[in-house]
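Heads up, the thing below is written out as structure tokens.
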Amino acid sequence: MPAHLTSGGKALLAAMPPDEVTALYEAVGEVDLPRLRRELALVRKRGFAINDQKTEAGLTAVAVEIRDTAGRGVASVALAMPSVRFSREGLPEWISALRTAAAAVTRVLAGGSVRHGKVRV
């Protein structure tokens, strides 16, 4: 799926330098680059991305980026749900859980390990 449509893809694109995003998308005719830039700025500001039925009708997903030990965005973790179950009120809890998972992956990338759902360094 195109990164600019998915929540995980948007989280990663928002972590990239804007000139790299421009280089990826300026030749793609069906992508409104100014709109994408605005959306990615919002993702950077809030710290998470949302895909509200852009890739599949009835599906909403939220995602945060996973950073490597140097602080670069290298992956993302997302939570997808039927759109009827999505609510703005649930966002703080979901984003907190996603950030916890992303931090655990970053610790593993730094040489830690995961045992029984907990990261040990």
Atom pair CD/CG of E26 and D19 - distance to nearest 0.5 Å: 10.0 Å
Minimal non-hydrogen separation, W94 against M81, with atom names: CH2-SD, 3.6 Å
Non-hydrogen atoms of M16 and V21 that approach each other most closely: CB-CG2, 3.9 Å
Do any N or O atoms from the side chain of T55 and from the backbone of T6 form a donor-acceptor pair under 3.5 angstrom? no
I'd like to check the side chain to side chain contact (heavy atoms under 4.5 Å, CB included) partners of L12; sequence neighbours left out, ordered by chain and number. S76
Look only at the side chain of R44 and the backbone of A14, and say whether a donor-acceptor pair between them is shorter than 3.5 Å. yes
Student check: side-chain heavy atoms of S7 and V62 closer than 4.5 Å: no
Determine the minimum heavy-atom distance between D68 and L109, stating which atoms define it. CA-CD1, 4.1 Å
Shortest non-hydrogen contact between A15 and E65, atoms and distance: CB-OE1, 3.0 Å
Let me confirm one number: the CD-CG distance from E93 to L79, rounded to the nearest 0.5 Å. 10.0 Å
Taking atom CD of E20 as the centre, does the number of heavy atoms from other residues, nucleotides or ligands within less than 6.0 Å exceed 12? yes
Which atom of A78 lies closest to which atom of A63, heavy atoms considered: CB-CB, 3.7 Å
When you measure from the side chain of K10 to the backbone N and O of A3, does any donor-acceptor pair fall under 3.5 Å? no
Mind checking whether Q53 and L59 have side chains closer than 4.5 Å, heavy atoms only? no
Residues that T100 engages under side chain to side chain donor-acceptor pair (under 3.5 Å), provided they are two or more places apart: none
Sub-4.5 Å side-chain heavy-atom contact between L33 and R38: no
Please identify each residue that fulfils side chain to side chain donor-acceptor pair (under 3.5 Å) with T22, with sequence neighbours left out. R37
Counting C-beta onward and ignoring hydrogens, is there a side-chain heavy-atom pair between L36 and Y25 closer than 4.5 Å? yes
Between V64, L98, L42, V43, which is the residue that forms a side chain to side chain contact (heavy atoms under 4.5 Å, CB included) with F48? V64
Residue pair L5 / N51, side-chain heavy-atom distance below 4.5 Å: no
Could you grab the distance from atom CG of L40 to atom CZ of R35, nearest 0.5 Å is fine? 11.5 Å
Beyond-backbone contact of V77 with V105, side-chain heavy atoms, under 4.5 angstrom: no
Donor-acceptor pair, S96 side chain versus P92 backbone, under 3.5 Å? no
Within the 4.5 Å heavy-atom criterion, are H4 and V31 side-chain neighbours or not? yes
Side chains of T60 and V84: closer than 4.5 Å at any heavy-atom pair? no
